[in-house]
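For ligands, and for the atoms within them, numbers begin at 1 and follow the listed sequence. Excluded from the calculations below are hydrogen atoms, water molecules and symmetry mates; all remaining heavy atoms, backbone and side chain alike, are included.
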Amino acid sequence: MDRYAVIGNPVAHSRSPDIHALFARETGESLAYERLLAPPGEFDRVALAFFTGGGRGANVTLPFKVDAWRLATDRTPRAELAGAVNWLAARDGRIAGDNTDGAGLVTDLTANLGIALAGRRILLVGAGGASRGVVAPLLAERPERLVIANRTKSRAVELADRFASLGPVAGAGLDELAGDFDVVVNATSSSTHGERLALPAGVLGAGVAAYDMAYGPAAAAFLDEARAAGARAEDGLGMLVEQAAESFRLWRGKRPRTAPVIAALRGA
Ligand code: ATR
């Protein structure tokens, strides 16, 4: 049976094995998908041992997406732009690397949730790895503008500069924001640290679609704040399933249906 894995630290909480098991059942593919915990600094060893032992492909989660980018011998243009890889595949003694996170976000926003991006004003909060992976796919949707805002403004400005040739993108400090956005995407790690994301009043309000790239308890603080301000609030469970579907398609050549899987995970 073809073997796949998700590699991360921590990884015990990962829903990816459940998601890929549902995809395999639906598409009639026969595969095994496991969790692999890599100790800090040992991503390469764990990943290479998996591939040497016959593993066909791996998803990579925090904190190893940049390590995976380095390990990949053949990277897609979108992985190159993201500077991070969440998808690996063994190919004739080489390791292919791709990034399916941005596609997952855009598909969840537009196809699943019906949140338009074209011609809209989008705010992306955070300038770390999670943010970097989604800037190019968001710009590809042709928003009116994309503002990347970050607590540390210089990181937002650097990130915006890096993608400036792809569309109307600018960096800002969190405290400089005024409330003129249609879509607000939280890509910070504030709630995982149990901290509040201090957005200026007026950024979240009626008519705004707020989306947290995290899901479950990790998204609760931001989404509660958005709801309290009158905004629509959505978590990133659909993004997780959509990036997995894109990963599955790249490995197996079949695109599974995602709606039943999102519903199953929500029900669980
Ligand atoms: P990741 O790869 O998950 O994005 P990261 O590179 O450590 O991780 O980036 C975390 C992001 O969350 C950063 O944008 C960080 O802001 P700074 O660059 O100013 O550190 C943001 N972040 C974390 N805690 C935050 C908080 N309490 N308020 C606002 N932003 C926060």
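At least one N/O-N/O distance between Ala127 and ligand 1 falls below 3.5 Å. Not one N or O of Leu197 is nearer than 3.5 Å to an N or O of ligand 1, by distance alone.
Looking at heavy atoms from C-beta onward, Asp182 lies out of side-chain contact with Glu144 at the 4.5 angstrom threshold.
Scanning Arg151, Arg196, Arg155 for the heavy atom closest to atom 13 (C) of ligand 1 points to Arg155.
By the criterion of a heavy-atom distance under 4.0 Å, the side chain of Glu195, and not its backbone, is placed next to ligand 1. In Asn150, the part holding a heavy atom less than 4.0 Å from any atom of ligand 1 is the side chain.
Both tests pass for Arg75 against the ring of Trp69: distance under 6.0 Å to the centre and angle within 45° of the axis.
For Glu176 (side chain) and Gly173 (main-chain N/O), a donor-acceptor pair under 3.5 Å exists by modelled atom type. In this structure, the side chain of Arg35 engages the main chain of Ser14 through a donor-acceptor pair within 3.5 Å.
Taking the six-membered ring where the residue is Trp, Phe248 and Phe23 present perpendicular rings, their angle passing 60° and hence far from 30°.
At the shortest separation from atom 1 (P) of ligand 1 among protein heavy atoms lies Gly129 N, 3.6 Å. Protein heavy atom nearest atom 23 (C) of ligand 1, with residue, atom name and distance: Ser189 OG, 3.4 Å. If you check which protein heavy atom lies closest to atom 19 (O) of ligand 1, you get Thr152 OG1, 2.5 Å. Scanning the protein for heavy atoms near atom 5 (P) of ligand 1, the closest one is Gly128 CA, 4.0 Å. With respect to atom 21 (C) of ligand 1, the closest heavy atom belonging to the protein is Thr188 CB, 3.6 Å.
The existence of a salt bridge linking Arg255 and Glu242 is confirmed by a sub-4.0 Å separation between a basic side-chain nitrogen and an acidic carboxylate oxygen.
Set against the non-hydrogen atoms of Ala130, the atoms of ligand 1 under 4.0 Å away are 1 (P), 2 (O), 4 (O). Residue Gly126 has at least one heavy-atom neighbour below 4.0 Å for each of these atoms of ligand 1: 14 (O).
The side chain to side chain donor-acceptor pair (under 3.5 Å) test applied to Tyr33 returns Asn59, not counting sequence neighbours. Every residue two or more places apart in sequence or in another chain that forms a side chain to side chain contact (heavy atoms under 4.5 Å, CB included) with Leu22 is listed here: Arg25, Val261, Ala264.
Ala130 and Met213 get closest at one heavy-atom pair: O-CE, 3.5 Å.
For the ligand labelled ligand 1, residue Ser131 lies outside the 4.0 Å heavy-atom shell.
Counting only heavy atoms, the protein never gets under 4.0 Å from atom 7 (O) of ligand 1.
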